[in-house]
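The structure under discussion appears below in the form of structure tokens.
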Amino acid sequence: MTTLTDHFSLDELTHSDTAVRLGIDNGAPDRLWMNLFVLAVGLEKVRTLLGSKPLKISSGYRCEELERVLCAKDFAAWCSRHGKHQGAQAWDEYFARKAHPKGYAADFTCPAFGDPLAIVKAIEASEIEFDQCIMEGGSWVHISFAPAQRREVLTATFTSGTASYSKGA
């Protein structure tokens with residue numbers, strides 16, 4: 001097991017129950033390990049902010065094959081919103097925007113701290129630099145430490161498995 005930081009390992013940030021179930025190799029390429037280190041360092045800051053309570057990571061790095069499976073409905077909705085045909089060119093444009101496949105994002109909960117809304121509000125009120133922090137349907141938190149560092153806070157609401165986003169938590 002490769003340790004990235006005190007509380008996060010490469011295995012933890014690349015594990016996917018869906019990938020295991022579908023036989024998808026979700027190992028991160030070596031060129032993304034620095035991004036995963038950036039993610040782990042950011043998650044350490046979140047963990048400290050939340051009183052050093054353990055984070056339960058449900059998704060970190062996602063290879064393209066896994067991303068296709070997990071984001072099929074979101075991709076279709078994105079194509080519809082942008083007037084694009086669901087082909088390879090649209091997928092490339094959509095996929096290029098995603099933080100999970102670049103190793104910069106994780107989805108997590110921290111039950112010992114509180115619900116996802118409390119977590120997002122704590123992160124938003126902190127000085128932690130992040131790109132996006134999203135309360136996903138009230139069930140989990142998505143956080144990205146991509147270089148843009150926009151500090152964008154969103155709420156995702158799901159209808160028939162498709163997310164719509166609004167500003168703030």
Any chain of hydrophobic side-chain contacts (each under 4.5 Å) joining [X] to [Y]?
X	Y	value
Tyr104	Leu4	yes
Ile24	Leu36	no
Leu154	Phe108	no
Leu117	Val141	yes
Tyr165	Met135	no

Ignoring hydrogens, what is the shortest heavy-atom contact between [X] and [Y]? Give both atom names and the distance.
X	Y	answer
Pro116	Ser139	CG-C, 3.5 Å
Ala40	Thr5	CB-CG2, 3.6 Å
Ala156	Glu136	CB-OE1, 3.4 Å
Ala19	Asn26	CB-CB, 4.0 Å

Go through the steps for Arg47 and Lys53 under the test side chain to side chain contact (heavy atoms under 4.5 Å, CB included), then give the verdict.
-> CA-CA 6 Å; Arg47 188 178 191 280; Lys53 308 280 193 251; over 6 Å; no
If we ignore hydrogens and angles and just use 3.5 Å, is the side chain of [X] paired with the main-chain N or O of [Y] as donor and acceptor?
X	Y	answer
Ser80	Ala76	no
Asp131	Arg150	yes
Arg151	Glu124	yes
His142	Asp107	no
Thr155	Gly168	yes
His15	Asp11	no
Ser16	Thr18	yes

To the nearest 0.5 Å, tell me how far [X] [atom1] sits from [Y] [atom2].
X	Y	atom1	atom2	value
Cys133	Lys121	SG	NZ	11.5 Å
Cys110	Asp115	SG	CG	11.0 Å
Phe95	His100	CZ	NE2	11.5 Å
Phe145	Ile128	CZ	CD1	6.5 Å
Thr109	Trp140	OG1	CH2	11.0 Å
Gln132	Glu152	CD	CD	4.5 Å

Got [X] and [Y] here, is their nearest side-chain heavy-atom distance under 4.5 Å?
X	Y	result
Cys71	Tyr94	yes
Leu13	Ile57	yes
Phe130	Lys45	no
Ile143	Ile123	yes

Using a strict 4.0 Å threshold on nitrogen-to-oxygen distance, state whether Lys84 and Glu93 make a salt bridge.
-> yes
Phe113: which of Val46, Leu55, Ile119 passes side chain to side chain contact (heavy atoms under 4.5 Å, CB included) | Ile119
Result of checking Asn35, Leu32, Leu10, Leu39 against Tyr61 for side chain to side chain contact (heavy atoms under 4.5 Å, CB included) = Leu32
Side-chain donor-acceptor contacts of residues 63-70 below 3.5 Å, not counting sequence neighbours, with atom names and distances?
from, atom 1, to, atom 2, distance (Å)
Glu64, OE2, Trp91, NE1, 2.7
Glu67, OE1, Arg62, NE, 2.7
Glu67, OE1, Arg62, NH2, 3.4

In this structure, are over 12 heavy atoms from other groups packed under 6.0 Å from Phe37 atom CZ?
-> no
Are more than 12 heavy atoms from other residues, nucleotides or ligands located less than 6.0 Å from atom NZ of Lys98?
-> yes
Under 30°, 30 to 60°, or over 60°: which ring-plane class applies to Phe75 and Trp78, parallel, tilted or perpendicular?
-> parallel
